[in-house]
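Data first, discussion second: the structure below is written as structure tokens.
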Amino acid sequence: LPLHFGLGLLKSSTHNNLTLEASEGETVLASSVVLALNSPVIDHMTTELNLTSVDVTEFSRDAVQMFVEAMYVGDVQKIARAQFRDINKMAHVFKVSWLVSI
């Protein structure tokens, strides 16, 4: 079940210890704890492999940002058609079960 952490936490420079490397060299920062609570894959990457960055370069920064925001608020706001495919694919790759079922 998704939790609502609020987007305010996403702007925290203290808690955002995970870098998602999107296309064109752009990055999105997020809390590994929030993402790991939503994704067993990210949980494994951050706790077992001790990764601090994740390569998502096949996706645009906007799609990665929307994906991360969804994990922070437990819901997907209006998704632009251009980002739907990418967000859906990330949900499957990272096994975010609640997001896959939307």
Side-chain angles (χ1 to χ4, degrees):
L1 229 60
L3 299 172
H4 192 297
F5 294 96
L7 291 178
L9 184 61
L10 185 55
K11 297 174 183 162
S12 169
S13 59
T14 323
H15 299 291
N16 294 336
N17 62 335
L18 184 64
T19 303
L20 291 100
E21 299 170 0
S23 66
E24 299 180 19
E26 296 190 85
T27 60
V28 174
L29 296 175
S31 166
S32 62
V33 173
V34 173
L35 272 56
L37 287 171
N38 284 276
S39 165
V41 174
I42 293 176
D43 182 43
H44 175 76
M45 294 171 82
T46 56
T47 59
E48 302 295 323
L49 303 177
N50 296 315
L51 296 179
T52 57
S53 66
V54 177
D55 179 351
V56 288
T57 53
E58 74 176 274
F59 305 111
S60 71
R61 185 194 184 288
D62 290 343
V64 174
Q65 184 70 38
M66 289 179 82
F67 177 72
V68 168
E69 287 177 6
M71 289 200 275
Y72 270 75
V73 299
D75 191 15
V76 179
Q77 302 304 315
K78 294 181 181 177
I79 298 176
R81 187 175 293 231
Q83 279 88 28
F84 176 80
R85 181 195 148 281
D86 287 348
I87 293 169
N88 186 51
K89 188 171 182 180
M90 282 185 276
H92 280 86
V93 167
F94 294 112
K95 298 182 180 177
V96 181
S97 59
W98 68 265
L99 189 52
V100 169
S101 65
I102 291 179

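What you are looking at is a predicted structure, and each value in this text was computed from that prediction instead of being measured. All residue numbers in this chain count up from 1 along the given sequence. Just so it is clear, the values below take in all heavy atoms, side chains as well, and ignore hydrogens, waters and symmetry mates.
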Could you go through the side chain to side chain contact (heavy atoms under 4.5 Å, CB included) check for F67 and V96 one step at a time?
CA-CA 10 Å; F67 177 72; V96 181; 3.9 Å; yes
Option from T57, L35, L29 for which side-chain contact (heavy atoms from CB on, under 4.5 Å) with L20 holds
L35
Under the rule for side-chain contact (heavy atoms from CB on, under 4.5 Å), what residues qualify as partners of S32, not counting sequence neighbours?
N17, L18, T46
Could you go step by step and tell me if F94 and V56 meet the side chain to side chain contact (heavy atoms under 4.5 Å, CB included) rule?
CA-CA 11 Å; F94 294 112; V56 288; 3.8 Å; yes
N38 vs L99 side-chain heavy atoms within contact, under 4.5 Å:
no
In short, V34 meets M71 closest at the heavy-atom pair CG1-O, 3.8 Å
Would you give me the side-chain donor-acceptor pairs under 3.5 Å for residues 79-91, sequence neighbours excluded?
{"unit_1": "K89", "atom_1": "NZ", "unit_2": "E58", "atom_2": "OE1", "d": "2.8"}

Donor-acceptor pair, Y72 side chain versus A30 backbone, under 3.5 Å?
no
Gap separating the CG atom of L51 from the OG1 atom of T19, nearest 0.5 angstrom:
11.5 Å
Pairwise distance CE(M45) to OG1(T52) - rounded to 0.5 angstrom:
10.5 Å
Give a yes or no on whether the backbone of F59 and the side-chain of S23 come within a donor-acceptor separation of less than 3.5 Å.
yes
